[in-house]
Amino acid sequence: MRKIRVGLIGFGISGQVFHAPVMRAVATLELVKVTARKAEQQALLKERFPQVEIALSADEILGDEAIDLVVVATSNDMHYPLAKRALESGKHVVVEKPFTNTVAQADELIALAKERNLVLAPYHNLRFNSDYRTVEKIVRGGRLGRIVNLEARFDRFRNYLRPNAWREENLPGSGIFYDLAPHLIDQTLQLFGKPQAVFCDLAIQRDYAKTIDNFDCILYYDNLRVSLKGSMLAKEPTPRYRLFGLNGNFVKHGVDPQEALLRAGQFPDEDPNWGEEDPSIYGTLHIVEEGKDVLEVVRSERGSYPEFYQNVADTILGNAALMASPEQARDVIRIIELGYQSQLERKVISAEGQLIAY
């Protein structure tokens, strides 16, 4: 079996939690080199991935002719330049979200990948969450009738600023509107397609914070409104998703278990029940069906981040098409840009970037 040799640029939380352990579950991928400058990163890498070579710079990965696939898991301001260099070096590329900071950057990377006939994949891994997959099943299943509203949240609680964290600095792509909102936007686009218009209220709420730590956005469709929210001050959990249809509602509390397991140091390939939710957080469907009031608990779909990397490997080998394409990621960044325009002008903005009355 041919192995795809992988170089991982970035071994912070993203590389440690969401990439290295996940790609280990894919037999056709071989992680061979990882950038790790800090002593604690190097120690962790040796402990958990002893076969992997430590690199002190991205150049050591980009210049390695034996590496087939480069994963960019750095601060958001470095996604575009490193992905561009990797493509120019003839490497396939996976880019952590946000794919880029601007649509112009996204378009350039897409064109370059096509020119070089290389795979370019944005890491929209939350499509592979148990909670989202369950929402998708409910939407596609039709029992709610026509969907009129989706409310989705992605919250954290940290009422202080983390020292020396790039996400807390006023840098291109920092703040939770770039960090967390892309997941919710991507999921919305997968469910309902592109919206007609966008309104966003972006705020800095914590003392001494330098970048966005609260977002409240509405995406407008024909006969449908999608409300996406995120906060760094959400101490009490709220429903992750609420769907409103002509026949009733679906409410989903709790979150997919994969992130917590990965942060605890577990590997997906060592757990036969990976991605299965505890029944205590299954969602509830409450509808009127055939004239009767129906209330039922809906078993959650199974989450599986390794499916993302399996699909990337299969695409590189010519056996599949990308499930998460760079064109789809570009559409997410377009919504981000429209959101900032809406915040600046305090108006609803059409998909073409024009002010409209809605």
Side-chain angles (χ1 to χ4, degrees), residues 97-99 101-103 106 124 126-127 129 131-132 134-136 138-140 144-156 173-205 211-234 236-253 255 283 328-358:
K97 59 79 213 158
F99 177 48
N101 289 337
T102 68
V103 168
H124 281 299
L126 263 61
R127 291 191 197 179
N129 265 13
D131 45 16
Y132 167 70
T134 306
V135 168
E136 184 179 40
I138 294 296
V139 171
R140 308 296 185 212
L144 283 176
R146 179 168 60 81
I147 306 297
V148 298
N149 185 249
L150 165 65
E151 296 177 359
R153 295 196 65 103
F154 199 157
D155 293 322
R156 300 277 195 238
S174 63
I176 69 169
F177 192 49
Y178 267 101
D179 193 38
L180 303 182
H183 287 305
L184 298 181
I185 295 170
D186 177 65
Q187 292 174 355
T188 301
L189 297 185
Q190 292 306 298
L191 290 173
F192 303 117
K194 298 178 185 179
Q196 297 167 335
V198 176
F199 176 79
C200 285
D201 180 32
L202 311 177
I204 299 175
Q205 297 184 328
T211 189
I212 302 299
D213 56 13
N214 183 278
F215 64 85
D216 188 345
C217 295
I218 300 175
L219 306 187
Y220 295 84
Y221 297 81
D222 278 338
N223 301 314
L224 168 69
R225 299 291 184 270
V226 176
S227 174
L228 308 178
K229 298 183 180 184
S231 173
M232 290 298 293
L233 294 173
E236 284 294 317
T238 58
R240 179 82 157 179
Y241 299 96
R242 293 203 301 173
L243 277 167
F244 297 78
L246 293 184
N247 296 339
N249 308 142
F250 175 73
V251 179
K252 179 69 178 71
H253 289 81
V255 297
Q328 292 168 342
R330 177 206 177 278
D331 293 339
V332 171
I333 302 306
R334 177 59 177 157
I335 301 298
I336 295 283
E337 288 188 341
L338 291 174
Y340 273 105
Q341 182 182 348
S342 173
Q343 166 69 19
L344 179 65
E345 302 181 11
R346 308 306 298 156
K347 300 288 185 179
V348 176
I349 307 296
S350 75
E352 290 74 36
Q354 304 300 313
L355 302 182
I356 62 174
Y358 227 95

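Nothing here was measured: the structure is a model prediction, and the numbers come from that model.
With contacts defined as side-chain heavy-atom distances shorter than 4.5 Å, the pair I147/F244 does not qualify. Q328 has its side chain within reach of Q190: a pair of non-hydrogen atoms, C-beta onward, lies under 4.5 Å apart. A 4.5 Å side-chain heavy-atom check between S227 and D216 finds at least one atom pair inside the cut-off. The shortest side-chain heavy-atom distance between N214 and M232 does not fall under the 4.5 Å cut-off. No side-chain heavy atom of L246 sits under 4.5 Å from any side-chain heavy atom of L144. For the pair I212 and Y178, the minimum side-chain heavy-atom distance is 4.5 Å or more. Taking 4.5 Å as the limit, some side-chain heavy atom of Y241 sits within range of a side-chain heavy atom of L150. Within the 4.5 Å cutoff, no side-chain heavy atoms of P239 are placed close to those of K252.
In this structure, CZ in R153 is found 10.0 Å from CZ in R242, a value given to the nearest 0.5 Å. Here the CG atom belonging to L243 is positioned 8.5 Å from the CG atom belonging to N249, to the nearest 0.5 angstrom. Rounding to the nearest 0.5 Å places CZ of R330 at 10.5 Å from CZ of F99. Separating the NE2 atom in H124 from the CG atom in N129 is a distance of 13.0 Å, to the nearest 0.5 Å. Rounded to the nearest 0.5 Å, atoms SG (C217) and CG (D201) are 8.0 Å apart.
Judged purely by atom type and a 3.5 angstrom limit, Q343 uses its side chain to pair as donor or acceptor with the backbone of L202. Looking at Q205, its side chain never comes within 3.5 Å of a backbone N or O of L233 through a donor-acceptor pair. At least one donor-acceptor pair under 3.5 Å links the side chain of R140 to the backbone N or O of L191. Looking at T188, its side chain does come within 3.5 Å of a backbone N or O of L184 through a donor-acceptor pair. Side chain of S342 to main chain of C200: a donor-acceptor pair is present (N/O by atom type, distance under 3.5 Å, no hydrogens or angles). Listed for the K194 side chain is no donor-acceptor partner under 3.5 Å among the backbone atoms of L189. Side chain of R225 to main chain of Y221: a donor-acceptor pair is present (N/O by atom type, distance under 3.5 Å, no hydrogens or angles).
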Item to complete: Would you sort out whether V226 and Y220 count as a side-chain contact (heavy atoms from CB on, under 4.5 Å), showing the intermediate values?
Response: CA-CA 7 Å; V226 176; Y220 295 84; over 6 Å; no
Worksheet entry | side-chain contact (heavy atoms from CB on, under 4.5 Å) assessment of L126 paired with Y132 | CA-CA 7 Å; L126 263 61; Y132 167 70; over 6 Å; no
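When every heavy atom of S231 is checked against every heavy atom of I176, the shortest pair comes out as N-CD1, 3.9 Å. Residues P195 and A351 approach most closely at O-CB, 3.6 Å, considering heavy atoms. Closest non-hydrogen pair, V348 versus A197, comes out as CG1-CB, 3.7 Å. Closest of all the heavy-atom pairs between S350 and L338 is O-CD2, 3.7 Å. Of all the heavy atoms in T211 and I204, the pair that sits closest is O-CG1, 3.5 Å.
Ring planes of F177 and Y340: perpendicular class, angle over 60° (limits at 30 and 60°). In this pair, H183 and F154 present their aromatic rings tilted. The plane angle is within the 30 to 60° band.
Take V255 and apply the side chain to side chain contact (heavy atoms under 4.5 Å, CB included) test, not counting sequence neighbours, and it matches D131, R240.
A side chain to side chain contact (heavy atoms under 4.5 Å, CB included) with L228 is found for one member of V198, I335, L219 and no other, namely L219.
One finds no salt bridge joining D213 and R156 here, because no Lys/Arg side-chain nitrogen approaches an Asp/Glu carboxylate oxygen to under 4.0 Å.
The list of salt bridge (Lys or Arg N to Asp or Glu O under 4.0 Å) pairs with a residue in residues 180-191, not counting sequence neighbours, reads R127-D186.
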